[in-house]
Protein chains: 2
Amino acid sequence: MIQKVDMDTKVKFLHGFAHKIRIQILECIKEEEKTVSQIVKDLNGNQSSISQHLACLKGCGLIRGRQEGKYMYYSLRNQQVRDLLSMFDAVLEDVENDVESCENHID
Amino acid sequence: MIQKVDMDTKVKFLHGFAHKIRIQILECIKEEEKTVSQIVKDLNGNQSSISQHLACLKGCGLIRGRQEGKYMYYSLRNQQVRDLLSMFDAVLEDVENDVESCENHID
DNA sequence: CTAACATATTAACAATTTCTAATATGTGTG
DNA sequence: CACACATATTAGAAATTGTTAATATGTTAG
């Protein structure tokens with residue numbers, strides 16, 4: 001094997017982060033598992049849409065679901081995914097600062 | 001401000017990772033800056049396509065370009081982006097292992 | 001069993017993204 | 001200046017992804 005991680009798996013995994021609603025879902029369940037309806041309410045979203053994005057996130061390996069009675073609880077897959085989310089924020093603060101300090105004021 | 005990092009900026013940033021060619025470009029220049037034609041050759045890709053993805057990555061804040069004569073050298077924006085790429089691999093090894101150990105062999 | 005609720009799935013359509021080919025721009029060299 | 005080369009841009013077609021509304025499935029309570 002030339003690369004440790006299969007490229008298609010990686011693309012799929014990263015694709016999970018590439019949509020506003022999916023990022024919101026991830027952040028919404030970052031600290032605690034939630035049911036689909038809690039997520040729908042929190043994001044003020046549409047049930048079908050959220051459900052599809054949840055399926056996507058699960059397929060990407062970012063979250064896991066646990067059924068309890070008629071409720072489905074979703075949570076981040078593991079601590080590493082949580083760390084990634086935190087890292088995004090850290091890197092982004094930096095990016096935003098850079099953008100700010102790049103504003104050229106040519107008088 | 002409720003959140004430190006603007007959601008649209010975050011979506012845009014993460015979108016940068018959401019395509020096979022873009023990930024390949026990032027990995028290709030992970031350790032050293034390269035010119036467009038070097039990247040095109042390394043990835044065995046199409047000049048126009050690579051150029052567009054480079055523009056995308058730059059717009060996402062993931063890479064930076066430095067012109068030298070008629071060449072344009074691209075490199076990762078900073079060490080943090082490099083760290084993110086490494087972290088993806090680390091998390092993914094885990095994901096792949098999980099998938100493996102989840103294969104149920106019911107005899 | 002049936003009703004009520006939670007979630008998932010489907011299908012058609014809309015929106016977005018990507019690809020390809022052609023062309024444009026920019027830069028150094030003779 | 002003219003040519004060669006490196007890279008960027010454009011535009012339209014093709015492919016992918018997302019949305020919406022309707023419906024299906026699964027679970028518990030009565």
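The sequence lines fix the lettering, A, B, ..., with proteins before strands; numbering per chain opens at 1.
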Lys34(B) NZ to dT7(D) P: how many Å, rounded? 13 Å

In whole Å, what is the span from the CG atom of Leu57(B) to the P atom of dA8(D)? 12 Å

Distance check needed: dT25(D) P versus Gln67(A) CD, whole Å only. 16 Å

Is the Tyr71(A) ring parallel, tilted or perpendicular to the Tyr73(A) ring (thresholds 30°, 60°)? tilted

Does a side chain donor of either Asp6(A) or Thr9(A) reach within less than 3.5 Å of an acceptor in the other side chain? yes

In whole Å, I'd like the distance from the CG atom of Leu54(B) to the C1' atom of dT9(D). 14 Å

Roughly how far, to the nearest 0.5 Å, is the NZ atom of Lys34(B) from the CG atom of Leu54(B)? 12.0 Å

When all nucleic acid strands are considered with a 4.0 Å heavy-atom cut-off, which category describes Gln47(A): base, sugar-phosphate, or nothing? base

What is the distance, to the nearest angstrom, from the NZ atom on Lys70(B) to the C1' atom on dT29(C)? 8 Å

Lys20(A) NZ to dT16(C) P, in whole Å, measures 13 Å

Contact check, side chains of Ser37(B) and Lys41(B), non-hydrogen atoms, under 4.5 Å: no

N or O in side chain of Ser51(B) less than 4.0 angstrom from dT9(D) OP1/OP2: no

Interatomic distance, Leu14(B) CG vs dT17(C) P [rounded to whole Å]: 14 Å

With 3.5 Å as the limit, what N/O pairs link the protein to nucleotides 14-20 of chain D?
residue: dG18(D); atom: OP1; partner: Arg22(A); partner atom: NH1; Å: 3.3
residue: dG18(D); atom: OP1; partner: Arg22(A); partner atom: NH2; Å: 3.4
residue: dG18(D); atom: O3'; partner: His19(A); partner atom: NE2; Å: 3.3
residue: dT19(D); atom: OP2; partner: His53(A); partner atom: NE2; Å: 2.8
residue: dT20(D); atom: O4; partner: Gln52(A); partner atom: NE2; Å: 3.0

So Tyr74(B), base contact, sugar-phosphate only, or nothing? Heavy-atom distance under 4.0 Å. sugar-phosphate

In whole angstroms, how far is the P atom of dT9(D) from the CD1 atom of Ile50(B)? 15 Å

Rounded to the nearest 0.5 Å, the CD atom of Glu27(B) sits from the CZ atom of Arg22(B) at a distance of 13.5 Å

Taken to the nearest 0.5 Å, the spacing of Leu43(B) CG from His53(B) NE2 works out to 10.0 Å

How far does CD1 of Ile25(B) sit from SG of Cys56(B), to the nearest 0.5 angstrom? 9.0 Å

